[in-house]
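In the text below, chain A, chain B and the rest are named by the order of the sequence lines, each starting its count at 1.
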Amino acid sequence: MIDFESTFKISLRSLYVNKMRSILTSLGIIIGVSAVIIMLSIGEGAKQRINKEISSMGSNLLMVLSGSTTSSGVRMGSGTQPTLTIKDAEAMLIRCPSVLEVAPTVSQVQQLVYSNQNWSTSVSGITQGFMPIRMWEIESGRAISQDDIKNTTKVAVLGSTVTTNLFGDMDPINKTVRIGGMPFKVIGVLKSKGQNGMGQDQDDTVLIPITTAQKKLFGTDFPGMVKHISVQAKDEESLSSAETEIKELLRERHNLGKTKDDDFTIRNFTQMLETAKQASNTMAILLGSIASVSLLVGGIGIMNIMLVSVTERTKEIGIRMAIGATAMDIRIQFLVEALLLSLAGGLIGVVIGILGAKIVEMFSDMTVVISATPVLISFGFAGLVGILFGYYPAYKASLLNPIEALRYE
Amino acid sequence: MALIEIKNLIKTYATGDTYFNALNDVSLSVDNGEFVAIMGASGSGKSTFMNVLGCLDKPTSGSYFLDGIDVSKMTMDDLSAIRNRKLGFVFQGFNLISRTSALENVEMPMIYKGIPPEERTKRAKAALKIVGLEKRETHMPNQMSGGQQQRVAIARAIVNDAPIILADEPTGNLDTKTSIEVMEFFVKLNSEAKKTIILVTHEPDIAEYAKRVVTFRDGNIISDEYNKNPKGIRSSERVAEGEVSLNDDTDKAGG
C-alpha cells in the first residue's frame with residue numbers, strides 16, 4: 001500500500017482535472033450540510049426561546065385556580081367559582097413542605113385613565129411573593145411593599161406597555177392614574193418581559209396591593225377570595241409532590257368528601273413548558289432528519305459520479321495496475337476522492353449553512369442559535385456519507401482486470 | 001537459472017461449453033541481457049503470452065520463474081509488486097495518464113514502490129533526461145508528439161530499475177522515422193544499460209533489431225532463432241552527422 005500523502009495528491013489532482021464535475025457533485029453535500037445546519041439552528045433557537053420563557057414566567061411554578069360554577073347544569077369553567085382564599089395560600093406555605101413561596105392573586109380587567117389618555121388592561125391584586133415567583137423586576141420606582149398591603153394603599157406598579165400607552169415618554173412615577181374611576185399613585189414601572197409563548201404581551205398589566213383590590217377596587221361578594229394562587233415549588237423534582245400536597249390540603253380545607261370532585265384546578269406551567277420544549281425538540285429532530293435526507297441524496301450523487309468516473313477512467317486504472325498499483329491502492333484512491341468531494345462539500349456547506357442561518361435570523365423574527373454541535377454533526381455526517389457511497393465505486397474500480405482495463409478505449 | 005524460465009505453459013479460455021487453448025504447452029527461457037522479439041499473426045497467442053509474461057494474467061497450468069521467483073501461483077496483489085519492481089511496460093498506445101504531466105507520469109511507478117517524493121522527482125527527472133525530454137517535464141501527453149509520448153513511456157518503464165522491459169508493439173502508432181528512433185533507443189538500453197528487452201511485434205523490420213526472434217502460431221512456438229546480425233544503432237554515423245539524435249527534443253513527427 002502506498003503512503004497517504006501520495007494518494008491524497010493523486011485524488012486531489014483527479015478532482016482538480018474535472019473541476020466542474022467535482023463542484024456539481026459536491027453541490028448535493030453542500031445543500032445537505034447547509035440545510036441541516038440551518039434547520040438545527042432554528043430548532044435550537046426555538047428551544048432557547050422556550051427556555052427563556054420558562055425563566056421569564058418563573059421556574060418550578062404551579063398555578064392553583066379556583067373551581068367552576070355550575071348554574072342550571074351549565075358549567076362555567078375554571079375561576080368562575082371563588083373557592084380559594086388567602087388563608088388557603090397561607091396554609092400551603094405552612095403545611096406543604098415542597099412549597100417555597102405562594103402568591104394569591106385577584107385580577108380583573110379595568111379601565112385606566114390618565115389625563116386625556118385611557119387604556120383597558122388586566123389589573124392584578126398581589127402579595128409580596130408575586131414578583132419574585134413570576135420573575136418580575138422593577139425598572140424604576142419601587143415594588144409594592146408589605147405596608148402597602150397592610151394599609152390597603154392605593155398604589156400601582158405599571159407594566160411597560162401600559163406606561164407607554166398612558167404616559168408616552170413621560171415619567172409616570174408619582175403621577176396619579178384612575179383605575180376604574182379610583183385614583184392610584186404610580187409607584188413603579190416593571191421591567192419589560194416581552195411576549196409569552198402564546199404571543200400575549202406580558203407587559204400589558206398593572207399590579208396593585210391585593211388588599212386594596214379586594215376591599216376597594218373590585219366589588220366582591222366573597223371577601224378574602226382569590227382568583228388563583230401561584231405556587232413556587234422548592235425545585236423541579238418537588239413539583240409533583242407539591243401538587244399532591246396542595247391537592248390534599250385543599251380537599252381537607254374545603255371539606256370535600258371522598259366522592260366530591262375538586263373545586264379547584266392545579267396547573268403545572270413548568271411541565272407545560274417542558275412539554276413545549278420537547279415538542280420543539282421533536283420539531284428540530286424532524287427538520288434535521290428531513291435535511292439529512294438531502295445529505296443522503298447528495299451521497300447518492302457522489303456514488304453516481306464516482307461510478308461514471310470509474311468507467312471513464314478504466315484505462316487509467318489499467319495503467320496504474322500495470323505499473324504496480326494493487327487493488328487496495330486503487331480502492332483507496334477512489335475512496336479518498338469520494339471522501340474529498342464530500343468533505344470539501346461539507347466545509348462549503350458549513351459556511352453556507354452559517355450564513356444562511358444568519359440570513360434567516362435577519363429577515364424573520366425567529367430566534368436562530370448556531371452552536372458547534374450541529375456543525376460538527378453535519379460535517380461528520382458528510383464524511384460518513386462520502387465513505388459509505390464512495391466505497392462501492394472504489395470497490396468496483398479495484399476489481400477491474402488490468403488486461404481488460406488497458407484495452408478499454 | 002535464466003532470468004525468465006517458462007515451462008509447459010498452458011492458458012485456456014472458456015467460451016460457453018468449449019475450451020480454447022490460447023497457449024498450448026509453451027516453454028521458453030530468456031537470459032539476462034537478451035533482446036527478444038516475439039512475432040506472430042494476431043490470434044497466434046503472442047498477446048496472451050505477453051500478458052502472462054507481464055504478470056498481468058495467470059497461466060492455467062505450467063510454471064513461470066521470473067528472476068528465480070515462481071510467479072505462476074502468486075496472488076494478483078503480489079503480482080502487482082512484481083510488475084512494479086521487475087518489469088517495465090511500453091505499450092503501443094503509449095498509455096500515459098492523460099492530463100498528467102510527463103514528470104508525474106514517470107513518477108507513478110515509484111509512488112507504488114513507496115519511494116519518498118523528493119527522491120521520486122529526482123529520479124523521474126533523471127529518467128526523462130535519459131530519453132532526452134528534460135525540457136518537457138511539465139508537458140501533458142496531448143501536448144507531445146507520439147514519439148515524445150513513447151519516450152515518456154520508456155522513461156516510466158526504466159525509472160524503477162526493472163531488469164526487464166516488455167514492449168508491446170511500441171512502434172505500432174509511430175511513423176517510420178520515429179519508429180527507428182524508438183527502436184534504436186531499445187537497442188541502446190539493451191547494450192548500454194544491460195536491460196533485458198522483450199518486444200512483441202508483427203513487423204519483420206522491427207524484429208530485426210532483436211538478437212533473438214521467437215515466432216508464435218496457434219498457441220505454440222514454431223521457431224526460436226538467433227539473429228547473428230541484429231540491426232544495431234546502424235545510424236551511429238548519422239547520429240554523428242546530426243541526422244538522427246536520440247536526445248532530439250525537436251521531434252514533432254509521429255502520433
- Query: Looking at OG of B:Ser98 and CD of A:Glu316, how far apart are the two atoms once the value is rounded to the nearest 0.5 Å?
  - Reply: 7.0 Å
- Task: Select one option (side chain, backbone, both, neither) describing which atoms of A:Gln333 are under 4.5 Å from chain B's heavy atoms.
- Result: side chain
- Task: Could you pull out the closest heavy-atom pair between A:Ala322 and B:Phe91, with the gap in Å?
- Result: CB-CZ, 4.1 Å
- Message: Looking at A:Arg13, I want to see if its CZ is surrounded by more than 12 non-hydrogen atoms of other residues, nucleotides or ligands under 6.0 Å.
- Response: yes
- Item | Per-residue contact mode, B:Met140 against chain A (heavy atom under 4.5 angstrom) | side chain
- Distance, nearest 0.5 Å, that separates CD1 of A:Ile10 from CD1 of B:Ile97: 8.0 Å
- Identify which of A:Lys9, A:Arg320, A:Arg313 forms the greatest number of heavy-atom pairs closer than 4.5 Å to chain B. A:Arg320
- Item | Atom NZ of B:Lys58: over 12 foreign heavy atoms under 6.0 Å | yes
- Message: Test your reading of the model: is there a side-chain donor-acceptor pair from B:Ser80 to the backbone of A:Ala325, 3.5 Å cut-off?
- Response: yes
- Message: To check you understand the geometry: which heavy-atom pair defines the closest contact between A:Thr326 and B:Asp77, and what is its length?
- Response: CB-OD1, 3.6 Å
- For B:Arg85, is it the side chain, the backbone, both or neither that has a heavy atom under 4.5 Å from a heavy atom of chain A? neither
- Message: Could you report the tightest heavy-atom contact between A:Ser6 and B:Ile111, atom names first, then the distance?
- Response: CB-CG2, 3.7 Å
- Message: Assess the residue pair A:Lys315 and B:Asn95 against the criterion (side-chain contact (heavy atoms from CB on, under 4.5 Å)); give the C-alpha distance rounded to whole Å, side-chain angles, the decisive distance to 0.1 Å, and a yes or no.
- Response: CA-CA 8 Å; A:Lys315 186 135 191 164; B:Asn95 281 356; 2.8 Å; yes
- Evaluate side-chain contact (heavy atoms from CB on, under 4.5 Å) for A:Met321 paired with B:Met76, printing each intermediate quantity in order. CA-CA 10 Å; A:Met321 284 179 159; B:Met76 284 312 276; over 6 Å; no
- Does OH belonging to A:Tyr392 count more than 12 external heavy atoms closer than 6.0 Å? no
- Which atoms of B:Glu104 approach chain A - backbone, side chain, both or neither, heavy atom under 4.5 Å: side chain
- Side chain B:Arg99, main chain A:Ser14, donor-acceptor under 3.5 Å: no
- Query: If you round to the nearest 0.5 Å, how far is CG of B:Leu56 from CD1 of A:Ile403?
  - Reply: 5.5 Å
- d(B:Arg156 CZ, A:Ile323 CD1) to nearest 0.5 Å is 5.0 Å
- Looking only at heavy atoms, the pair that brings B:Leu96 and A:Ile319 closest together is O-CD1, 3.9 Å
